[in-house]
There are 2 protein chains.
Amino acid sequence: MNADKIRARVEGFSEVCRQNGIKTTHQRSVIYRELVETDEHPDVETIYKRVKLKIPEISLDTVYRTLRLLEEKGIISRLGSHTERTRFDANADQHHHFVCTQCGLVSDFYSEELNAFPPPKAVNTVGVVHAVHVEMKGICNACAEAHGE
Amino acid sequence: MNADKIRARVEGFSEVCRQNGIKTTHQRSVIYRELVETDEHPDVETIYKRVKLKIPEISLDTVYRTLRLLEEKGIISRLGSHTERTRFDANADQHHHFVCTQCGLVSDFYSEELNAFPPPKAVNTVGVVHAVHVEMKGICNACAEAHGE
DNA sequence: GTCGCTGCAAATTATTTGCAGCGTA
DNA sequence: TACGCTGCAAATAATTTGCAGCGAC
């Protein structure tokens, strides 16, 4: 993310809070800013350490609470759909997943085109791709019906 | 996965163990079979409960150990690249990730084509897709160099 | 001033580990 | 037979929660 965009995000934070009906506290602003200013996708402990430099008396659970809150509001996201427990898959063929954001259902699907999708140029400057995994998120039929009726 | 394929996988398990230099124990066979026979991507607790019906004296940590072992050997996989701690991302634009399987680096990239990739027909029978997220796994340049030299 | 937010400490949940006996190769 | 594997119980690590005082609106 470029500097202008970062600044805009940070400055707009209290407005975003207002829109989401939550208070703009000093702790939340600092945590959010820390996350916007980096592209390292840090973990909670890392964010905590960095925020602690600015607010030494902050507690780890405030960081947890804030991140969870911002995630619930859709302001930030967590990597790799970590929400629940670890789940396993014995399907050894290359495949992809459809994930229902409502009920958590995960179903496999196959796509030669996706398996073979050429990495964008930008990716090639970062490293060499060995595998492509696609996660399509949406609402499964069962949930859609339950909702529609 | 169809019935023939399942049978083939289950029958081939001891051979797979031999190839990977691990012993084929009753517990491992049952755990593996349980995972191959379902397409539900169960969590550890669920697998444990099911296996317990066949081996009542099995312990939860054997299930953990076995799943971890099979994963290390590449025989099964875990969903959503859960290996490490939860990580966060404040990038609100639709984007994708390149993940280095060596050092864990995650970097963002953008691709209009991927954002707009039409869901395969098979997916449309399961539900409605709202978002597409692609994870490309590979080796980043830093790791490649460290390895090459 | 009110009610949500924070820090503290303790609780929970998921996962891992040390050890001695057992079973596979 | 030998050494890896298992069950048990206890240890860790990650994350959540109850409570009383504080601060944003």
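Quantities reported herein were computed from a predicted structural model and do not represent experimental measurements. No hydrogens, no waters, no symmetry mates; every other heavy atom, side chains included, goes into these values. A note on names: the letters A, B, ... follow the listed sequences, proteins ahead of strands, and every chain is numbered from 1.
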Are [X] and [N] close enough that a side-chain N or O sits under 4.0 Å from OP1 or OP2?
X     : N      : answer
B:Q27 : C:dG23 : no
B:Y64 : C:dT16 : no
A:T86 : C:dT15 : yes
A:T25 : D:dG23 : no
B:T24 : C:dA25 : yes
B:R28 : D:dT6  : yes

- Message: Please report whether the ring centroid of A:Y32 lies less than 6.0 Å from that of A:F13.
- Response: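 For A:F13 and A:Y32, the ring centres are under 6.0 Å apart.
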- Message: For a quick test of reading the model, state the closest non-hydrogen atom pair linking B:H133 to B:H97 and the distance between them.
- Response: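 Looking at all heavy atoms of both residues, the shortest contact is NE2-ND1, 3.0 Å.
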- Item | Exercise: identify the closest heavy-atom pair between A:Q27 and A:I55 |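 Heavy atoms only, the tightest pair is CA-CD1, 3.8 Å.
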- Can you tell me if CZ on B:R33 sees more than 12 non-hydrogen neighbours from other groups inside 6.0 Å?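 Check fails, neighbour count at 12 or below.
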- Message: Taking donor-acceptor contacts at under 3.5 Å, does the side chain of B:R65 reach the base of D:dG7?
- Response: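 A donor-acceptor contact between them is present.
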- Is it true that B:E15 and B:R18 make a salt bridge, defined as a side-chain N closer than 4.0 Å to a carboxylate O?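 The answer is yes: the pair qualifies as a salt bridge.
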- Item | Aromatic plane relationship, B:F117 with A:F117 - under 30° parallel, 30 to 60° tilted, over 60° perpendicular |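 Perpendicular.
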- Going by number, which of residues 52-60 of chain A have a non-hydrogen atom under 4.0 Å from DNA chain C?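 Hits under 4.0 Å, by residue number: A:E57, A:I58, A:S59.
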